[in-house]
Enquirer: 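Here it is, the structure, as structure tokens.
In what follows, chains are A, B, ... by sequence order, proteins preceding strands, each numbered from 1.
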Amino acid sequence: MAQKKLLLIDGNSVSFRAFYALFRQLENFKSPDGLHTNAIFGFKNMLDALLKDVEPDNVLVAFDAGKVTFRNEMYDDYKGGRQKTPSELSEQLPVIRELLKDMGIESYELKNYEADDIIGTFATLGEENNMQVTIVTGDRDLTQLASDKVTVMVTKRGVNDLEAYTPEHMKEVNGVTPTEFIDMKALMGDSSDNYPGVEGIGPKTASNLIQKYGSVEGLYEHIDELKASKRKERLIRDKDKAVLGKKLATIDRHAPVTITLADTKLREPDQAALRQLYERLNFRSFLAKMNASADGTNEESATETYTFEELNSENIDELTNIKGQEVTFYLAMLGENYHLAPIEGFCIKANGKIYASENSELLTEPVLKDLLEDKNIKKNVFDIKRTLVGLDRLGIKAQGLDYDMLLASYLVNNENNSNDLGEVAHLYGEYSVKSDLEVYGKGKKAAVPEKDIFYNHLAAKVAVIEKLKPELLEKLKDHEQDDLYDNIEIPTAYVLAKMERNGFKVNASTLEELDQEISKKLTELESTIYQQAGEEFNINSTKQLGHILFEKLGLPPIKKTKTGYSTSVEVLEALKTKSPIVSKILDYRQLNKLESTYIKALPEWIMSDGKIHTRYLQTLTATGRLSSVDPNLQNIPTKTEEGKQIRKAFVPSTPDGYIFSCDYSQVELRVLAHVSGDENMQEAFKSGYDIHAHTAMRIFHLDSPDEVTPLMRRHAKAVNFGIVYGISDYGLSKNIGISRKQAKEFIENYFEQYPQIKDYMDKAIKEAREKGYAETIMHRRRYLPDIHAKNFNVRSFAERTAINSPIQGSAADIIKIAMINMQKKLDELKLKTKMVLQVHDELIFDVPQDELETIKKIVPEVMQSAIKLDVPLIADSNWGHNWYDAK
DNA sequence: TCAGTCACG
DNA sequence: ACGTACGTGACTGAG
């Protein structure tokens, strides 16, 4: 007979993991009666995957019975200080129990015992009955149960990524056997269970000691053999703690359970009850799955079909009198880049009917064109900017697009940044529409499917845009994001569409000339490098380069990467003096970068109008900034002279015209001064001081600005930047090449001088912990589920993010407002000047010669008055006959 | 497709 | 004791 399989699940810890894995979706997972359901959903998903993978005969989900257990009798403060389970999670636990019951799975809890002990007991029972046991948990404590018959699966990220602990794997990870792991824990303590262990002993030392002496007892028998040291003293002093730790860490494998192995046998699920439960929880995907399998059809074909009509010259007049109505519109293009992608069709819902067409020329028929250009006919779409650009290509100046499902969903939760309607819909439990990837395929093979399938896909999209609108608008309201959505993001979409269509004129011939020069230099550098290396190799290959530098030439490898030697600038700079080849390689790298990323690539993007039309991604970044693609015009070189030359190719579109650039001075620091309310920093900005010099004066305790040396200013500048990023002494020391101790002093001085900034940073973290997200001045959110992480690094990252996001994000809010006001002003004054680029804190304009004076006046005015802060906003202007000269 | 590197704010 | 600055996109080699 085949070996029977037993699956044991730690119900509390897995629910906990599921809850935090889907924490950012917390508000998206709610049943109609207001119950949060994210943990239930995650738990159910994980359970399905496990049942499929493990195919168990018996399953038991163990829960903790309460806070107090037999361990508290040994140690009062066991698990003390632990944060209370959030109510959003605890309300879900009974439902998980109910779900298990309906699925035919036994769940169990035992007074005075933890779920761990129940699992330990049943693992032992399973072993005794020669079963193959799998344990699933979010907690490493249970790994002590691993044996040749017991595998412990611990969740890594989320709930579906599991790490399997066998005795061999334990040895690899901890250097000790599963039973020795108990002793290891006893020595190091457990902060989450709140018992101390021996002071100064971490995982490394604990593992070494236990490997040497076998156990806590073994260690203390031989304690005299240890050479005199602080560590030995502490081991002796904290012996009680170690002995207690061992008792606490040991899982009870013979708990007085009142159920038997037979009770854990997997039963048939109660379909009717499950259906009811899913309906109550609004689990539409699970319901759809059930329906699909009930029909005997598979999941794929469970898509709904929509009633639609093909639009043609016969019925097009049905779209004439729809004033005062709301319409939903979707324009289909094949490919991401909507400046170039072929327009394949469209779909419109009006008069309660859905019309679809493959004939985009119909859009230019007066009926439809007028409808789209009438600002009084409100249109719901997915991606306003894309729709505006697509229609503009057909000569249609669309107006009245006033609901954007993509923008709304991005503001509600920007963690998932998909641009695909289907994928976004899935986030809100709406599975009636597929993703474009599924329908069109990807890469070269992407194609519009057969007409009926295509129309149905479009109809599904239009239906979903309309269906989810109330829910998304409600969420925006809950988040106090109405203003951000209506008055910032939607108008920004219009402005960006215009900027993208404007394009930036680029001279291919200027780039061609640069190419001549750079190619020559590159060939020279190449041969010098080959000569000094003694052989020809691919300089662009880090692997080959590493071989030459660190093996053949024997230079010291300073840093390693996952795959081999690091050859980054940082490393090469340090090796510069050791061999002449190194600086040649640095030169080569720099020039090659310019050549391949800009000089060679940019001309490919110049369209027939002589301009480059980038696309801004308005719904991608975590902070609310824009990003630019195809090509990226936000990273055109500016730091080196050779790089800057590239900007000479960016020119005005009119003869003798100007490129005009205006950038905010220190926006992020000004935002910080504003949100923190720090009086010293506000004073510095109000007085118009050079902020970095001012900081230098303060942190170096100088009396007058004259005493500030350039080095001091440079250091102070780095500290100011560091603050915005959520500073660490290590990061600062690495950045400016000082000792960590010195960096620490800088930071301490800084906080002394700007005490309210320190308060701000603490408050930012505290609030993120309480609310689960960080927020900008305009209420843009960034969810930070990792702020609760156990792992120090993961948590620290989230904490720095909590500090940085409101600053970077508020600056992004501000320039968006400036852009909207700017475009309005250009329109009002009927100027021919065009806004052509945004680079985070900078706006760039294509200005006809005779408008320069006006622009010089209005641009800084508009930018500086975008928002009223407690400190002045300053913007500096530059102009010239190309972008290089606008400096 | 991933990792490494480097361009920008 | 941890190993670290925040946010992006494009190109290249290598699997």
Enquirer: Counting heavy atoms from C-beta on, name the nucleotide in B/dT5, C/dG7, B/dC8 closest to the side chain of A/Pro637.
Expert: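 The nucleotide sitting nearest to the side chain is B/dC8.
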Enquirer: If you check every side-chain atom of A/Ser566, which of C/dC6, B/dT5, B/dG9 has the closest atom?
Expert: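 So the side chain of A/Ser566 is nearest to B/dT5.
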Enquirer: How is A/Ala206 classified with respect to the nucleic acid when contacts are heavy atoms under 4.0 Å: base, sugar-phosphate, or nothing?
Expert: nothing
Enquirer: So what does A/Phe797 hit on the nucleic acid, given a heavy-atom distance under 4.0 Å: a base, only sugar-phosphate, or nothing?
Expert: sugar-phosphate
Enquirer: Using a heavy-atom cut-off of 4.0 Å across all strands, would you classify A/Ile636 as base, sugar-phosphate, or nothing?
Expert: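 Result for A/Ile636 = sugar-phosphate.
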Enquirer: Tell me what A/Thr801 touches on the nucleic acid: a base, only sugar-phosphate, or nothing, going by heavy atoms under 4.0 Å.
Expert: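 Touches sugar-phosphate only.
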Enquirer: Say whether, by atom type as modelled, one donor and one acceptor occur between the side chain of A/Gln544 and the main chain of A/Asn538 under 3.5 angstrom.
Expert: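 Between the backbone of A/Asn538 and the side chain of A/Gln544 there is a qualifying donor-acceptor contact (under 3.5 Å).
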Enquirer: Just checking A/Lys611: does its NZ atom have more than 12 heavy atoms from other residues, nucleotides or ligands closer to it than 6.0 angstrom?
Expert: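 It does: A/Lys611 NZ has more than 12 such atoms within range.
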Enquirer: Whole-Å distance between C/dG9 P and A/Asn419 CG?
Expert: 11 Å
Enquirer: Less than 4.0 Å between a side-chain N and a carboxylate O, is that true for A/Glu799 and A/Arg769?
Expert: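 Salt bridge present between A/Arg769 and A/Glu799.
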Enquirer: Whole angstrom is fine here: how far is it from CD1 in A/Ile807 over to C1' in C/dA5?
Expert: 13 Å
Enquirer: When all nucleic acid strands are considered with a 4.0 Å heavy-atom cut-off, which category describes A/Gln590: base, sugar-phosphate, or nothing?
Expert: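 The residue A/Gln590 makes sugar-phosphate contact but no base contact.
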Enquirer: Judged by each residue's nearest nucleotide on DNA chain C, which is more toward the 5′ side, A/Arg740 or A/His840?
Expert: A/Arg740
Enquirer: Over 60° means perpendicular and under 30° means parallel, so tell me whether A/Phe504 and A/Trp883 are parallel, tilted or perpendicular.
Expert: tilted
Enquirer: For A/Tyr754 and A/Tyr750, I'd like to know if the aromatic rings sit close, meaning centre-to-centre distance below 6.0 Å.
Expert: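 Close enough - the centres of the two rings lie under 6.0 Å apart.
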Enquirer: Over all strands shown, is A/Gly722 touching base, sugar-phosphate only, or nothing at heavy-atom distances under 4.0 angstrom?
Expert: base
Enquirer: Under 4.0 Å, heavy atoms only, any strand: does A/Asp841 hit a base, just the sugar-phosphate, or nothing?
Expert: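 Sugar-phosphate, no base atom in range.
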Enquirer: Taking atom types as they are modelled, is there a donor-acceptor pair under 3.5 Å from the base of C/dT4 to the side chain of A/Ser728?
Expert: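 Between C/dT4 and A/Ser728, which were checked side chain against base, a qualifying N/O pair under 3.5 Å is present.
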Enquirer: In this structure, how many angstroms lie between the P atom of B/dG9 and the CG atom of A/Leu669, rounded?
Expert: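 To the nearest whole Å, that distance equals 16 Å.
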Enquirer: Measuring only the P atom in each nucleotide, how far is C/dT4 from B/dA3? A whole number of Å is fine.
Expert: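 Those two atoms are separated by 16 Å.
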Enquirer: How close or far is atom P of C/dA5 from atom CD of A/Glu799, stated in whole angstroms?
Expert: 16 Å
Enquirer: Is it true that a side-chain atom of A/Lys241 and a backbone atom of A/Leu235 form a donor plus acceptor pair closer than 3.5 Å?
Expert: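 Checked: no pair found.
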Enquirer: Which one, B/dT5, C/dG9, B/dA3, comes nearest to the side chain of A/Thr563?
Expert: B/dA3
Enquirer: Atom CZ of A/Phe721 and atom P of C/dC6: how far apart are they, to the nearest Å?
Expert: 15 Å
Enquirer: Ignoring hydrogens, what is the shortest heavy-atom contact between A/Leu784 and A/Ala798? Give both atom names and the distance.
Expert: CD1-O, 4.0 Å
Enquirer: Is there a donor-acceptor contact under 3.5 Å linking the side chains of A/Thr561 and A/Ser566?
Expert: no
Enquirer: When the P atoms of B/dG4 and C/dA5 are considered, how many whole Å apart are they?
Expert: 14 Å
Enquirer: Does A/Gln808 contact C/dC6 through a side-chain donor or acceptor facing the base, at a distance under 3.5 Å?
Expert: yes
Enquirer: Could you tell me whether the side-chain ring of A/Phe792 sits stacked on the base of C/dC2, using a centroid cut-off under 5.5 Å and a plane angle under 30°?
Expert: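 Given the distance and angle limits, no, they do not stack.
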Enquirer: Send over the distance from A/Glu336 CD to C/dG9 P, rounded to a whole Å.
Expert: 11 Å
Enquirer: Thinking salt bridges, do A/Arg713 and A/Asp690 make one under a 4.0 Å N-O criterion?
Expert: yes
Enquirer: Just to be sure I understand the rule, does A/Leu620 reach a base, reach only the sugar-phosphate, or reach nothing, if contact means heavy atoms closer than 4.0 Å?
Expert: sugar-phosphate
Enquirer: Could you run down nucleotides 10-15 of chain C 5' to 3' and tag each one B, S or - for protein heavy-atom contact under 4.0 Å?
Expert: BSSSSS
Enquirer: Please name the nucleotide paired to C/dT8 by Watson-Crick or G-U wobble geometry with both distances under 3.5 Å, or report none.
Expert: B/dA7
Enquirer: Rounded off to whole Å, could you give me the CD1-to-C1' distance for the A/Ile844 and B/dG9 pair?
Expert: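 Taking atom C1' of B/dG9 as the reference, CD1 of A/Ile844 is at 11 Å.
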Enquirer: Looking only at side-chain N and O atoms, does A/Asn793 come under 4.0 Å of OP1 or OP2 in C/dT4?
Expert: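 So the side chain of A/Asn793 is outside the cut-off, no N or O lying under 4.0 Å from OP1 or OP2 of C/dT4.
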Enquirer: Heavy atoms under 4.0 Å, any strand shown: does A/Lys744 hit a base, just sugar-phosphate, or nothing?
Expert: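 Here A/Lys744 touches no strand at all.
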Enquirer: What is the distance from CD1 of A/Ile599 to C1' of B/dC6, rounded to the nearest Å?
Expert: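 It is 15 Å, rounded to the nearest whole Å.
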Enquirer: Under 4.0 Å, heavy atoms only, any strand: does A/Ala622 hit a base, just the sugar-phosphate, or nothing?
Expert: sugar-phosphate
Enquirer: Could you check which of B/dC6, C/dG9, C/dA5 has an atom nearest any side-chain atom of A/Arg800?
Expert: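 Of the candidates, C/dA5 comes closest.
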